[in-house]
Amino acid sequence: MIDVNKFENRIVKFKRISEGVEKVSHAEIRRIDYDTSSAMPRSVTARFVGPPLNAIMTLNYDESKKVFRGGLGPDIIESDFDIDSYIKSHMGSEDDTV
């Protein structure tokens, strides 16, 4: 299970692509949905803070690009982190369970 109680464990990079220009920002992951039959992520819900975006958005997983993507008007919001590494680095070992 991902330890979402620690705030710093929920911060990841996203990029906003506008007219071919990429701007990297950080967001707080609120939820990751998985397809349990294939162990593939389906979507991520993240809280974006700061100019020009201040919103909670759900972005679908693009399996071909291996990123979470979604539209925001004419712009594209895209994850800029490796979901597999993120999950592995935030999983507790069985020894951590009570």
Side-chain angles (χ1 to χ4, degrees):
M1 174 186 295
I2 298 174
D3 182 2
V4 294
N5 293 320
K6 293 184 179 180
F7 180 74
E8 62 272 10
N9 288 349
R10 298 187 307 236
I11 305 301
V12 294
K13 290 183 184 178
F14 280 84
K15 54 187 170 184
R16 184 173 183 169
I17 305 165
S18 179
E19 298 179 3
V21 177
E22 296 181 5
K23 182 176 179 183
V24 175
S25 63
H26 291 86
E28 173 193 359
I29 289 183
R30 294 289 181 96
R31 178 182 185 150
I32 300 173
D33 287 328
Y34 271 88
D35 179 352
T36 55
S37 63
S38 68
M40 269 302 201
R42 282 191 236 174
S43 66
V44 65
T45 301
R47 180 174 182 245
F48 297 85
V49 179
L53 185 59
N54 188 5
I56 295 176
M57 295 178 61
T58 299
L59 306 170
N60 292 322
Y61 189 68
D62 182 332
E63 191 174 340
S64 65
K65 293 187 173 209
K66 299 192 183 283
V67 296
F68 296 99
R69 276 175 75 91
L72 181 65
D75 299 348
I76 299 291
I77 304 295
E78 188 174 275
S79 61
D80 195 21
F81 66 98
D82 183 323
I83 185 62
D84 295 327
S85 296
Y86 180 83
I87 296 298
K88 287 176 187 173
S89 70
H90 294 87
M91 295 289 283
S93 70
E94 291 183 22
D95 297 336
D96 293 339
T97 59
V98 178

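Atom CZ of Arg10 is separated from atom CZ of Arg47 by 9.5 Å, given to the nearest 0.5 angstrom. Within the model, atoms CG of Leu72 and CZ of Phe48 stand 9.0 Å from one another, a figure rounded to the nearest 0.5 Å. One distance of note links OH of Tyr61 with CZ of Arg69; it measures 12.5 Å at 0.5 Å rounding. Between the CD1 atom in Ile32 and the CD1 atom in Ile83 there is a gap of 4.0 Å [rounded to 0.5 Å]. From Glu28, atom CD reaches atom CD1 of Ile11 across 5.5 Å, with rounding to the nearest 0.5 Å. Note that the NZ atom of Lys15 and the OG atom of Ser25 stand 11.5 Å from one another [nearest 0.5 Å].
Grouping the Ile, Leu, Val, Met, Phe, Trp and Tyr side chains by contacts below 4.5 angstrom, directly or via other members, places Leu59 apart from Val49. Connection of Phe68 to Met57 is established within a shared hydrophobic cluster, with ILVMFWY side chains joined at heavy-atom distances below 4.5 Å, either directly or through further cluster members.
Hydrophobic cluster membership for Ile17: Ile76 (Ile, Leu, Val, Met, Phe, Trp, Tyr linked by side-chain heavy atoms under 4.5 Å, directly or transitively).
Taking the side chain as every heavy atom from C-beta outward, Phe14 and Val44 approach each other to under 4.5 Å.
Heavy-atom minimum distance, Arg42 versus Tyr34: NH2-O, 3.1 Å.
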